[in-house]
Amino acid sequence: MEVIIKQGKLDASRAAARVVARLIREKPDAVLGLATGSTPLPLYRELVRMHREEGLDFSRVVTFNLDEYLGLPPTHEQSYRQFMNRNLFDQINILPENTHVPDGMTQDVPASCAAYEQAIIDAGGIDLQLLGIGSDGHIGFNEPTSSFASRTRIKTLTPQTVADNARFFDGDESQVPRHCITMGIGTIMDARTNLLLAFGEGKAEAIAASVEGPVTSMVPASILQHHPVAKVFVDEASASTLELADYYQWVYNGKPDWQKDA
Ligand code: GLP
């Protein structure tokens with residue numbers, strides 16, 4: 001794992017956005033795995049800026065989102081489809097048919113999940129997957145004890161995740177769906193590169209456990225220790241309990257320029 005500590009979430013997001021932009025410039029038909037939540041928002045804003053000001057071209061880019069709430073129609077304000085349209089897709093030149101989000105309204109969950117996995121394979125696999133992290137260490141909606149071999153499937157949110165996400169539903173936990181469809185940990189591990197972003201003190205414990213703790217399904221993000229290209233972009237607050245923080249800085253500062261945004 002490579003840990004990149006920046007002072008604040010804006011510099012961390014810009015550094016992560018440069019990695020995404022570099023991939024798109026080198027491979028215009030790149031397949032991106034995308035995430036929702038508050039964490040990737042500054043990164044999406046930076047990609048929109050790069051599109052407007054630097055001509056970053058998404059016309060051949062294909063995307064697959066990690067997850068979606070079950071039972072929310074794509075028109076629901078808090079559906080992840082709406083989130084993506086609002087915060088990224090509507091502001092760049094991506095083709096709507098190239099964007100994929102699991103179908104939260106499917107009547108046949110297993111078939112829909114299998115089709116999602118197949119669509120990823122048909123697209124050539126995910127080149128770069130963006131990830132946030134839950135306060136319990138979840139990635140996508142793969143809650144603690146999710147199988148490391150899991151593929152896209154239905155999951156039940158933990159009470160902690162329901163409580164964490166209530167802020168998007170007027171603070172009303174009863175409005176947060178209990179179930180979702182999420183890519184599995186196996187799906188995420190198949191991505192050629194994984195970028196995990198975390199900001200704020202509330203993520204410090206989950207980040208320390210994921211980066212420096214034992215690999216365990218109790219902390220789903222810890223599996224990234226087994227991924228060949230996993231980059232963790234954190235701000236100082238979420239890095240505050242990392243034991244080897246100074247070493248990560250030392251490594252990053254000593255990198256040759258060509259490697260910094262790769
Ligand atoms: C949800 C999403 C995750 C996200 C997490 C953290 O549970 N399914 O993909 O990482 O929230 O959200 P935030 O970035 O708002 O802290």
Side-chain angles (χ1 to χ4, degrees), residues 8-10 12-13 16-17 32-46 63-72 76-84 86-88 100-104 113 116 126 128-146 150 152-171 173 175-185 187-189 191 194-207 209-211 219-224 230-235 237-239:
K9 69 174 171 188
L10 286 184
S13 300
L32 303 180
L34 299 178
T36 53
S38 51
T39 303
L41 284 174
L43 184 152
Y44 292 154
R45 275 196 286 273
E46 179 64 5
T63 66
F64 288 89
N65 263 78
L66 280 168
D67 46 15
E68 179 60 284
Y69 290 113
L70 254 187
L72 291 195
H76 190 288
E77 210 197 328
Q78 291 309 328
S79 72
Y80 285 164
R81 162 53 76 181
Q82 272 301 306
F83 176 100
M84 290 310 303
R86 202 166 52 234
N87 292 300
L88 185 65
H100 304 84
V101 179
D103 178 5
C113 292
Y116 202 71
I126 292 173
L128 183 149
Q129 176 69 55
L130 290 179
L131 297 168
I133 187 168
S135 59
D136 60 3
H138 73 235
I139 45 177
F141 267 130
N142 294 285
E143 298 285 23
T145 71
S146 286
S150 52
T152 303
R153 70 211 183 291
I154 184 172
K155 284 294 284 182
T156 305
L157 274 52
T158 61
Q160 176 68 55
T161 300
V162 171
D164 284 351
N165 289 3
R167 68 203 144 109
F168 298 113
F169 293 82
D170 302 323
E173 287 187 24
Q175 285 186 47
V176 183
R178 270 23 180 188
H179 296 97
C180 63
I181 292 180
T182 180
M183 278 184 200
I185 295 183
T187 325
I188 293 168
M189 289 295 283
N194 266 292
L195 297 193
L196 174 69
L197 277 70
F199 308 129
E201 231 180 301
K203 299 291 171 71
E205 211 180 303
I207 284 296
S210 304
V211 174
V219 183
S222 66
I223 191 61
L224 294 172
K231 295 169 188 286
V232 181
F233 289 85
V234 284
D235 62 353
S238 63

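Counting starts at 1 for both ligands and their atoms, following the listed order.
- Summarising the geometry of Gly200 relative to Asp235, their closest heavy-atom pair is N-OD2, 3.0 Å, with the distance given to 0.1 Å.
- Partners of Pro177 according to the side-chain contact (heavy atoms from CB on, under 4.5 Å) rule, which considers only residues two or more places apart in sequence or in another chain, are Tyr69, Leu72, Phe169.
- Under a 4.0 Å criterion applied to the non-hydrogen atoms of Gly132, ligand 1 contributes the atoms 10 (O).
- Annotation for ligand 1: atoms under 4.0 Å from non-hydrogen atoms of Thr39 are 13 (P), 14 (O), 16 (O).
- The atoms of ligand 1 that sit less than 4.0 Å from any heavy atom of Asn165 are 1 (C), 7 (O).
- One distance of note links CG of Leu157 with CG of Asp164; it measures 10.0 Å at 0.5 Å rounding.
- Taking all heavy atoms of Gly200, Ser38, Ser135 into account, the minimum distance to atom 13 (P) of ligand 1 is reached by Ser38.
- Here Thr187 pairs with Glu117 under the side-chain hydrogen bond (donor to acceptor under 3.5 Å, both in side chains) rule; sequence neighbours left out.
- Checked by atom type and distance alone, the side chain of Asn165 never pairs as donor or acceptor with a backbone atom of Val162 at under 3.5 Å.
- Residue Arg167 has at least one heavy-atom neighbour below 4.0 Å for each of these atoms of ligand 1: 12 (O), 13 (P), 15 (O), 16 (O).
- Shown here is Gln175, whose CD atom has more than 12 heavy atoms of other residues, nucleotides or ligands within 6.0 Å.
- Counting atoms of ligand 1 from 1 in the listed order, those under 4.0 Å from a heavy atom of Phe141 are 1 (C), 7 (O), 8 (N).
- Scanning the protein heavy atoms around atom 7 (O) of ligand 1, the nearest turns out to be His138 NE2, 2.9 Å.
- The ligand atoms of ligand 1 that sit less than 4.0 angstrom from a heavy atom of Tyr80 are 1 (C), 2 (C), 8 (N).
- Closest to atom 8 (N) of ligand 1 among all protein heavy atoms lies Asp67 OD2, 2.8 Å.
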